[in-house]
Amino acid sequence: MSRKKIVAGNWKMNTSFSEAADLVEQILAYDTDANVTKIFFPPFPYLKNVSDTLAVKTGYYSGAQNCSEYEHGAFTGEVSASMISSVGCKFVLIGHSERRNYFKETNAQLVSKIQQVIKNNLVPVFCVGELLAERKSNNHFETVNHQLKEVLRHFTKEEVNNFILAYEPVWAIGTGETASPLQAQEMHSNIRTCVKELFKEQVASHIPILYGGSCNEKNAAELFSCEDVDGGLIGGASLKADSFCKIINSF
Ligand code: 13P
């Protein structure tokens, strides 16, 4: 079965307003593979501008790096899914390891956030991944399966059929150490099996699973050639137009 190919850039807390605008303009000027869906996750204050700029070209979308678990109200500093939707975004990153580890987001909060995302017709890009200690103690499959089950079990087959998943081993994020194609493939295959157990083969074979963690223009082709790797969630290398476009063209 042919699945969607996706390359997404998570800019995290980087770029100024003008750098963000320049980066998008530079990327749009490149000749990139039309079969690849491109998603940009800039910081919140730039979402409207980035969304408007991307809207001129097909296959380019914007998304938010996080959203509130609440609908609206007295939650100072929070940004709701409906606000994100109203500025033209289509996607929201949920459960990134930096949110889980630094901001102590729990599975229950991730479920509430995804409920808000779905309610506002946005697509969650749900992230999972193990810590170095969990891999070293050979608990990586168990950790990732637990992260998947504790959240996905709250949703229907029809809802999950619209999700995107991202596997980001924490030890590979921003470290320059990438999962080998073998490590990526065996985990992606494990994730697909877990989705199959929770739902049906049809959902498991349809859902895109992205790899993230020091993915760059040098290793992307090898990673994307793995059977169960449907693209990448790129951090550092998404901040340079040339690198990001080379990654997009790595299938
Ligand atoms: P790096 O590509 O910088 O390792 O970051 C990966 C990531 O966390 C994307 O969400």
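Only a predicted model underlies this, so the values are computations on that prediction, with no experimental measurement involved. Every number for a ligand or one of its atoms is a count from 1 in the order of the listing.
- Within the 3.5 Å criterion, the main-chain N or O of Asn219 finds a donor-acceptor partner in the side chain of Asn216.
- For ligand 1, the polar-atom distance check against His96 finds a nitrogen or oxygen pair separated by under 3.5 Å.
- For ligand 1, the polar-atom distance check finds no N/O of Ile234 at less than 3.5 Å from any of the ligand's N/O atoms.
- Residue contact check: Gly213 has heavy atoms under 4.0 Å from atoms 4 (O), 6 (C) of ligand 1.
- The aromatic rings of Tyr167 and His188 sit perpendicular to each other, their planes meeting at more than 60°, with 30° as the lower class boundary.
- Checking Ala237, Gly235, Ala172 against atom 2 (O) of ligand 1, the nearest heavy atom belongs to Gly235.
- Protein heavy atom at the shortest distance from atom 3 (O) of ligand 1 is Gly236 N, 2.8 Å.
- With a 6.0 Å radius and a threshold of 12 heavy atoms from other residues, nucleotides or ligands, Glu142 has its CD atom at or below the threshold.
- Judged purely by distance below 3.5 Å, without hydrogens or angles, the side chains of Asn66 and Lys113 pair a donor atom with an acceptor atom.
- Every atom of ligand 1 with a heavy atom of Leu233 under 4.0 Å away is listed here by number and element: 9 (C), 10 (O).
- Counting heavy atoms from C-beta on, the side chains of Thr15 and Pro42 never come closer than 4.5 Å.
- At least one N or O atom of Lys12 sits closer than 3.5 Å to an N or O atom of ligand 1.
- Ligand-side atoms of ligand 1 in range of Glu168: 6 (C), 7 (C), 8 (O), 9 (C), 10 (O), range being under 4.0 angstrom from any heavy atom.
- Using a 30° and 60° split on the angle between ring planes, Tyr60 and Phe40 fall in the parallel class, below 30°.
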